[in-house]
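Below is one structure, written out as structure tokens, with a few remarks after it.
Proteins get letters first, then strands, A, B, ... in listed order; numbering begins at 1 in each.
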Protein chains: 2
Amino acid sequence: MKDVASLAGVSEISVSRVMRNAPNISKKLRDRVMEAANSLSYTPNRVAGALKNQSSNLVAVVLPSMSNEVFSSVLDGIESVLNDQGLHAVLGLSEYDTERELKVIRELLSWSPMGIILTGLHHQDPIPGMIEQLGIPVVQIMDIEGTPIGSAVGISHSDAAIGAADYLHDKGYRKIGYIGAWSEKPERSKARRLAFEARLSDLGTPLVASIISEERSSATVGSQSTAALLQQAPEIDCIFYANDDLALGGLFHALSAGINVPGELGLLGFNGIEIGKATPIPLSSIETPRFEMGREAAKLLLSSKENGNRIKDLSFKISGGKTA
Amino acid sequence: MKDVASLAGVSEISVSRVMRNAPNISKKLRDRVMEAANSLSYTPNRVAGALKNQSSNLVAVVLPSMSNEVFSSVLDGIESVLNDQGLHAVLGLSEYDTERELKVIRELLSWSPMGIILTGLHHQDPIPGMIEQLGIPVVQIMDIEGTPIGSAVGISHSDAAIGAADYLHDKGYRKIGYIGAWSEKPERSKARRLAFEARLSDLGTPLVASIISEERSSATVGSQSTAALLQQAPEIDCIFYANDDLALGGLFHALSAGINVPGELGLLGFNGIEIGKATPIPLSSIETPRFEMGREAAKLLLSSKENGNRIKDLSFKISGGKTA
DNA sequence: CATTAAAATGACAACGTTACCAATATCTGC
DNA sequence: GCAGATATTGGTAACGTTGTCATTTTAATG
């Protein structure tokens with residue numbers, strides 16, 4: 001900055017003001033400084049700026065995993081808002097591990113981010129305090145059932161489960177099964193299953209059987225689990241899946257095994273991923289607004305100074321697929 | 001830090017040394033400081049540290065998009081290495097736009113990252129200079145055909161195209177078509193198509209027809225394009241796709257239309273995504289090591305101090321699918 | 001136990017910005 | 001043309017660390 005200042009024949013502070021276009025700068029001076037800055041290809045050092053300001057243009061984003069299209073969509077949504085504002089996401093992955101999550105949050109907070117986005121509402125004791133100490137806005141995503149630290153954007157997973165149960169019941173399915181995976185790692189999926197089971201019981205057609213694989217969700221696991229579940233309980237006429245990867249696997253199994261879908265076996269996924277719309281029989285699914293969730297999270301973060309903390313239910317919808 | 005120092009009855013610098021476990025600290029002092037730090041729940045301010053050190057624990061990662069499973073896998077691979085080292089990715093998305101990419105790179109560099117990972121080898125004039133000015137390592141991913149700024153990890157897309165052409169030719173296909181999308185946005189895919197076409201010509205069975213949709217790649221677009229291409233050139237006995245989303249769409253179209261795959265129509269995708277392994281007929285595809293690419297990129301970045309710049313060809317393999 | 005080497009601790013000045021206040025130039029209205 | 005207001009510029013001191021060097025303490029040696 002010193003070099004730019006002396007080349008332009010002005011003080012450093014003026015260079016600073018020009019670079020972040022602060023008010024009350026004459027056009028003459030601005031032009032002179034810009035020219036000098038360009039000729040030296042000077043870029044302001046944000047680290048120094050952040051140190052002085054006690055805040056930065058970074059947003060800490062803590063997600064459980066990147067190998068799940070749900071979270072990459074969410075991140076995409078977040079970035080779509082941040083990038084336009086000249087903000088940047090610093091990423092931390094918890095891998096569904098609370099210890100690790102704490103460590104990651106601590107490290108990210110040490111960068112004085114201007115805000116933080118967390119996944120889920122489960123955050124325990126030291127975390128809310130740490131964030132409050134910095135006085136930055138927090139948005140928690142995915143779930144809205146619980147007590148958020150700050151704002152929250154997501155859907156009600158128990159509502160979604162009830163919606164699924166009612167939908168399948170309305171369609172006439174009476175012997176319903178459930179398939180999950182990865183030991184129900186995102187604990188939201190467990191809550192969803194429990195609400196689903198409870199609703200089915202209320203409807204008088206309790207869950208017939210279920211399989212929760214220990215492996216990570218994938219179409220392959222979905223296919224295998226479906227075969228296994230149908231062997232274990234042949235009377236099943238419909239399966240609700242923890243996510244679309246599993247459901248697609250189920251659909252592929254049915255197609256291969258010549259099982260009539262949705263007549264002989266109904267299939268309902270969760271999330272509504274794009275590929276499910278193109279399968280020979282389009283997958284029925286509970287569509288969740290993942291990209292939108294990211295966008296809203298980022299927007300809430302940016303506006304929380306004026307608007308304070310909010311809870312935003314983005315709600316789901318049941319897709320017009322043909323498998324259930 | 002001052003508070004911790006006075007609580008522990010030591011100097012600030014000693015606190016600093018304990019926090020980043022520098023050598024030559026007695027156990028007694030370390031314990032005392034740690035206790036004080038914990039009781040005040042003190043976290044070092046990395047911004048200040050980075051300013052002093054002129055380098056941080058951030059790694060700038062510039063990708064074209066997050067709505068493509070290729071890049072989320074790559075990012076996953078990058079994070080899997082970084083997180084273990086206490087490093088963090090700061091993300092920038094170019095949206096396949098060179099202007100935007102330049103802006104993003106500039107902003108990320110102003111954070112004094114300890115390294116930067118870029119996508120592709122196309123980076124023009126100001127960029128190499130800007131990076132060199134900081135003296136930090138660069139790794140470019142996806143492609144290795146060209147002149148990298150620093151290190152590069154990826155595959156040879158022309159080799160992959162040649163491999164695809166040879167494979168299909170060996171299988172007896174003679175009337176081959178091609179389907180791409182999104183105006184061949186990642187320019188690598190165009191290079192790949194051209195190499196594919198050239199090889200087919202050399203083999204004496206030039207490309208029969210192709211469709212490059214302007215829409216973003218998706219199974220839906222793949223399905224539509226496949227129908228359109230077959231109508232346009234019914235003699236086609238095989239289609240090579242720019243990616244697996246498109247190819248899966250093609251497969252779904254074939255399944256719906258009752259086209260015999262791979263007898264009547266062969267299908268070959270690109271990338272080898274997981275879901276293709278579970279379809280009723282497993283998708284044949286050129287498998288690319290996306291996760292591994294991210295891992296290697298991060299590793300190269302970390303080791304480039306000792307090992308200097310390298311070019312790493314991770315190579316592809318043709319999957320054991322059944323659609324071609 | 002003196003002497004020297006090594007280990008442990010501390011003081012101070014940066015790192016590159018920007019907030020705060022002071023100083024100067026420019027513009028009003030009468 | 002002048003006081004007073006306003007717009008524009010500059011000076012100085014932080015922000016919270018850490019590298020360098022100085023100082024103190026501890027250990028090692030004969």
Point to revise | Carboxylate-amine/guanidinium contact Lys185(A) Asp97(A), below 4.0 Å | key: no
Point to revise | Gly120(B) backbone acceptor or donor facing Gln140(B) side chain under 3.5 Å | key: yes
Exercise for review: Could you tell me from which nucleotide to which nucleotide of DNA chain D, 5' to 3', there is an atom under 4.0 Å from chain A heavy atoms?
Suggested key: dT8(D) to dG16(D)
Protein N or O to nucleotides 13-16 of chain C N or O, pairs below 3.5 Å:
| unit_1 | atom_1 | unit_2 | atom_2 | d |
| --- | --- | --- | --- | --- |
| dA14(C) | N3 | Lys52(B) | NZ | 3.2 |
| dC15(C) | O3' | Gln54(B) | NE2 | 3.4 |
| dC15(C) | O2 | Lys52(B) | N | 3.3 |
| dG16(C) | OP1 | Gln54(B) | NE2 | 3.1 |
| dG16(C) | N2 | Ala48(A) | O | 3.3 |

Check your understanding: With no hydrogens and no angle check, do the side chains of Arg20(A) and Ser16(A) hold a donor and an acceptor under 3.5 Å apart?
Key -> yes
Check your understanding: How long is the span from the NZ atom in Lys299(B) to the OG atom in Ser80(B), to the nearest 0.5 Å?
Key -> 8.0 Å
Exercise for review: Report yes or no: does Asn53(B) contribute a side-chain atom to a donor-acceptor pair with the main-chain N or O of Ser55(B) at less than 3.5 Å?
Suggested key: no
Practice item. Go through the steps for Glu187(A) and His122(A) under the test side chain to side chain donor-acceptor pair (under 3.5 Å), then give the verdict. Key: CA-CA 9 Å; Glu187(A) 67 189 61; His122(A) 57 85; 5.3 Å; no
Review point. Could Lys312(B) and Glu296(B) be called an ion pair, given the rule that one side-chain N must be under 4.0 Å from one carboxylate O?
Key: yes
Review point. Judged by modelled atom types alone, do Glu107(B) and His88(A) share a side-chain donor-acceptor pair under 3.5 Å?
Key: yes
Pairs: protein N or O with nucleotides 6-10 of chain C N or O, under 3.5 Å:
| unit_1 | atom_1 | unit_2 | atom_2 | d |
| --- | --- | --- | --- | --- |
| dA8(C) | OP2 | Asn24(B) | OD1 | 3.4 |
| dT9(C) | OP1 | Ser26(B) | OG | 2.9 |
| dT9(C) | OP2 | Ser26(B) | N | 2.9 |
| dT9(C) | OP2 | Ser26(B) | OG | 3.2 |
| dG10(C) | OP2 | Ser11(B) | N | 3.0 |
| dG10(C) | OP2 | Ser11(B) | OG | 2.9 |
| dG10(C) | OP2 | Ser14(B) | OG | 2.6 |
| dG10(C) | O5' | Ser11(B) | OG | 3.4 |
| dG10(C) | N7 | Arg17(B) | NH2 | 2.6 |
| dG10(C) | O6 | Arg17(B) | NH2 | 3.4 |

Practice item. Establish, from distance only, whether the side-chain atoms of Glu145(A) and Ser156(A) form a donor-acceptor pair under 3.5 Å. Key: yes
**Study point:** Ser303(B) versus Arg310(B), side-chain donor and acceptor atoms under 3.5 Å
**Key:** no
